[in-house]
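Computed from a predicted structure; not experimentally measured. In what follows, every chain begins at residue 1, and chains take the letters A, B, ... in the order their sequences are listed.
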There are 2 protein chains.
Amino acid sequence: MSDDTSDFVVRERAPRRKRTDARRNIESLLEAAKTVFSTVGVDAPAKEITDLAGVGVGTLYRHFPQRSDLIKAVIEREIDACADAAPALAAEHEPGVALAKWLDRFTAFVATKRGFAAALHSGDPAFDGLPGYLMQKLGPALESLLKAATASGEIQARITAQDLLYAVAKLCAPMPNEDPDYGRRMVALLVDGLRSGESPH
Amino acid sequence: MSDDTSDFVVRERAPRRKRTDARRNIESLLEAAKTVFSTVGVDAPAKEITDLAGVGVGTLYRHFPQRSDLIKAVIEREIDACADAAPALAAEHEPGVALAKWLDRFTAFVATKRGFAAALHSGDPAFDGLPGYLMQKLGPALESLLKAATASGEIQARITAQDLLYAVAKLCAPMPNEDPDYGRRMVALLVDGLRSGESPH
DNA sequence: ATAGTTCCGGAAAGAGATTCCGCATACGAC
DNA sequence: GTCGTATGCGGAATCTCTTTCCGGAACTAT
């Protein structure tokens, strides 16, 4: 009780940040998983991933006890990358171009990542949070691009960021035997529809 | 050459139709698989299915060498059942009611069968033929219902069978964190929209 | 440098998928 | 009916991948 550290015991102990080797391994695992997932598929043997990452299996299971944890982490990291691309594109291009380029990037993500659609439809509750995560991360990113493009007069905002995201996501959800470029074209159409002035609707 | 059966060797030999016990087992397996898939999920252990079907594992693997073969067969058989329901409903109900009831049945199929959406998005080429199969089987079925309902003046055909099928299928594709009745409501809305006369659009 | 954690690797155990083959059963010919 | 043969059956054995576990290595704070 009179122990002079007692005041600190109560305080939320900052949980000494993860060891550097641990963080490095997690990084390697995510990178390897991303590669293997897009190569072999999300059901690829764990060994494949750990070998590519250069770690033991134990390490994989310590950081990602469930396979779904790994998949979720990979997808979230890709969503993050997508979100990060927004400011970068905004800095390098005219607002309208930046918007188009970003949507193209997002489309590519949704269209090519089989794992994403599969995860969503797997029925595994572990993935329930993903749509929300996507919305939360990408909503603001798109919103800023949209706002900038509207402000510069290049487009007219006839749609909210949220609706646009959903529309793109659903349009691009890959279907077997569907022209793989179908989604991209639909989105292009959508964006053209946003451009102001030219078409006399 | 002068062998008196030589004429027959060339002819496609009718491959003596499958033994009855084999057909019975296949039937049991499909029935069991349907039950287990909707209970435990499409990734349920094979033993679960064979036990319920009352056959050995070997029998499962003989008739369905790949798991995707089983899944595909189950889905196709449900599609068939859906198609078969059309004439039955048409015989028992007014055309408009029959149409509504059939769409309800189709909706239930798409919405509840996680396996269906999962299969479509799995990326496994084994399932590439499914959308086509669905269209081919269900297209004509819906078309006849639609035609009857139009003829009786209960609805106005503002949409093709194909478009309606796709719309329903996409609307009902289950998404995590989405009101599970959302799809059904959307479809109801769609059908209401087809009813003639009442709303003064 | 040293004590105290945290983390690592990979062997071992477990779970399920898939194969294999001797035996059983149905079919067709007579 | 009965016989010969093709076909199908069951389930033990095998194989593959998953998941656990723990002795020791590596990192951090002092």
Whole-Å distance between [N] [atom2] and [X] [atom1]?
| X | N | atom1 | atom2 | result |
| --- | --- | --- | --- | --- |
| B/Asp51 | D/dG11 | CG | C1' | 11 Å |
| B/Leu60 | C/dG16 | CG | P | 15 Å |
| B/Leu70 | C/dG16 | CG | P | 17 Å |
| B/Glu27 | D/dG8 | CD | P | 16 Å |
| A/Arg67 | C/dA15 | CZ | C1' | 15 Å |
| A/Ile49 | D/dT19 | CD1 | C1' | 14 Å |
| B/His63 | C/dT19 | NE2 | C1' | 16 Å |
| A/Ile26 | C/dC8 | CD1 | C1' | 13 Å |

Quiz item: Between A/Gly58 and B/Pro45, which has a closest nucleotide on DNA chain C that is more 5'?
Solution: A/Gly58

Check: [X]/[Y] side-chain N/O donor and acceptor closer than 3.5 Å:
| X | Y | value |
| --- | --- | --- |
| A/Gln66 | A/Ser68 | no |
| A/Asp69 | A/Tyr61 | no |
| B/Gln162 | B/Thr160 | no |

Quiz item: Closest to the B/Val57 side chain: D/dG10, C/dA11, C/dT18?
Solution: C/dT18

Practice problem: Between D/dG8, C/dC8, D/dT20, spot the one nearest the side chain of A/Tyr61, thanks. | Solution: D/dT20

Practice problem: Answer with base, sugar-phosphate or nothing: what part of the nucleic acid does A/Arg62 contact at a heavy-atom distance below 4.0 Å? | Solution: base

Practice problem: Classify every nucleotide of nucleotides 23-30 of chain D by which part a protein heavy atom approaches to under 4.0 Å, writing B for the base, S for the sugar-phosphate alone and - for neither, in 5'-to-3' order. | Solution: ---BSBS-

Quiz prompt | Any A/Asn25 side-chain nitrogen or oxygen under 4.0 Å from OP1 or OP2 of C/dC8 | solution = yes

Contacts under 3.5 angstrom, residues 85-102 of chain B side chains, donor-acceptor by atom type, not counting sequence neighbours:
unit_1: B/Trp102; atom_1: NE1; unit_2: B/Cys82; atom_2: O; d: 2.9

Quiz item: With a 4.0 Å cut-off, would you call B/Glu78 and B/Lys137 a salt bridge?
Solution: no

Quiz item: So how far is it from B/Arg23 CZ to B/Arg19 CZ, rounded to the nearest 0.5 Å?
Solution: 11.5 Å

Quiz prompt | Euclidean distance, A/Phe64 CZ relative to A/Thr59 OG1, rounded to 0.5 Å | solution = 11.0 Å

